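Everything numeric in this text was worked out from a predicted model, so none of it was measured. Heavy-atom basis, side chains included; hydrogens, waters and symmetry copies ignored.
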Amino acid sequence: MNKEEITAHVLLAKNGDTASFTKLYELYYKDMYRYAYYMLGGGEDVEDVISETVLDAFTGIKNLKHPSKFKAWIFQILTTKCKRQIAAYIGDREHKVDEPNENQLKEEDNPYEISLDVRNAFAALSELERTVVSLLVFGGYNSKEVAKLLKSRDGTIRSIKSRAFDKMAGYLTEY
C-alpha cells in the first residue's frame, strides 16, 4: 500500500470506516508485534499490549491531526503501552525473556532469524536502548524520525543506537 492509499484509509477511518481501520491494522500488525515482542521480551503481554494499542488508536483516530503520520502515531501509543508494561514488570517480577511458543513469532514471519542469544542480548539493553533499536529495526524509522518521536536529537539517537549495537555485539561474542 502506498502513502496515498494509507492516507486515504486513515481519512476514512477518522470518519468511522472500520474496514479502513482494519486495513491499517493489518498493514502494521507484524511490525507492531515485533516491536512489542522485543520491548517486552516475549510472553503473553505482547498481544495484550497490541490489543490495548489498537483499541486506543481506534477510539482516538478521530483526533489524529496529520493522517500521513498514522504509523508514527500508532507506534507512539504502542511505545507508551510497552513502557507501562515494563514498569509493571519491575513492580511485579524480574523482567526476563521467555522461550517462544507456537502462538508467538513464527520463523516464516520473521526475517530477523530470532535466536535466544539475540533476544537475551536485546533484553540486556536499557529501556531507552531497546526503544531506540526497536523503532529503528522493527518500526522501520530512521534516526531523525526516532529523535522526533522521543523528543531528542538525531545525533543522540545515533549514539544510543551505536552503543546498543556495541553492547549486543559484546554480549553475543561472550557466548
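- Judged by distance alone, the side chain of N142 and the main-chain N or O of E145 form a donor-acceptor pair under 3.5 Å.
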**OP:** Could you walk me through whether I6 and K71 pass side-chain contact (heavy atoms from CB on, under 4.5 Å), step by step?
**Re:** CA-CA 9 Å; I6 293 169; K71 182 179 179 186; over 6 Å; no

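- Side chain of E5 to backbone of N2: a donor-acceptor contact under 3.5 angstrom is found.
- Across every non-hydrogen atom of R130 and A123, the tightest pair is NH1-O, 3.5 Å.
- Partners of S126 by side chain to side chain donor-acceptor pair (under 3.5 Å), not counting sequence neighbours, listed by chain and number: E129.
- Listed for the K14 side chain is a donor-acceptor partner under 3.5 Å among the backbone atoms of L64.
- Grouping the Ile, Leu, Val, Met, Phe, Trp and Tyr side chains by contacts below 4.5 angstrom, directly or via other members, places V10 with I77.
- How far CD of Q85 is from CG of L40: 6.0 Å, rounded to the nearest 0.5 Å.
- To the nearest 0.5 Å, atom OG of residue S51 and atom CD of residue E47 are 6.0 Å apart.
- When all heavy atoms of A164 and L125 are compared, the closest pair comes out as O-CD2, 3.6 Å.
- For the pair T79 (side chain) and F75 (backbone), a donor-acceptor distance under 3.5 Å is present.
- Using cut-offs of 30° and 60° for the angle between ring planes, the Y37 and Y33 rings count as parallel.
- Shown here is K23, whose NZ atom has no more than 12 heavy atoms of other residues, nucleotides or ligands within 6.0 Å.
- Note on L12: it does not cluster hydrophobically with Y25, by side-chain heavy-atom contacts below 4.5 Å among ILVMFWY residues.
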Subject >> Residues M32, V54; criterion side-chain contact (heavy atoms from CB on, under 4.5 Å); working and verdict >> reply: CA-CA 10 Å; M32 291 170 54; V54 171; 4.0 Å; yes

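- Under a 3.5 Å cut-off, the side chain of E52 and the backbone N or O of V49 do not form any donor-acceptor pair.
- Note that CD1 of I74 and CG of D31 are 11.0 Å apart. Values are rounded to the nearest 0.5 Å.
- M1 and Y141 end up in the same hydrophobic cluster when Ile, Leu, Val, Met, Phe, Trp and Tyr side chains are linked at under 4.5 Å.
- Rounded to the nearest 0.5 Å, atoms NE2 (H66) and CH2 (W73) are 13.0 Å apart.
- Contact detail for A13 and S20: the closest heavy-atom pair is N-CB, 4.0 Å.
- A tilted orientation is assigned to the rings of F70 and Y28, their planes being inclined by 30° to 60°.
- Put simply, the side chain of K151 never gets that close to the backbone of K148: no donor and acceptor are under 3.5 Å apart.
- If you run side-chain contact (heavy atoms from CB on, under 4.5 Å) between L149 and each of I157, T131, L135, only L135 comes through.
- The structure places CD of E4 at 10.5 Å from OG of S68, a figure rounded to the nearest 0.5 Å.
- One finds the CZ atom of F21 at 14.0 Å from the CG atom of N15 (value rounded to the nearest 0.5 Å).
- Hydrophobic cluster membership is shared by V137 and M39, with clusters built from Ile, Leu, Val, Met, Phe, Trp and Tyr side chains linked at under 4.5 angstrom.
- Connection of Y38 to Y29 is established within a shared hydrophobic cluster, with ILVMFWY side chains joined at heavy-atom distances below 4.5 Å, either directly or through further cluster members.
- In summary, of the residues considered (L128, L150, V146, L136), a side-chain contact (heavy atoms from CB on, under 4.5 Å) with I160 occurs for L128 alone.
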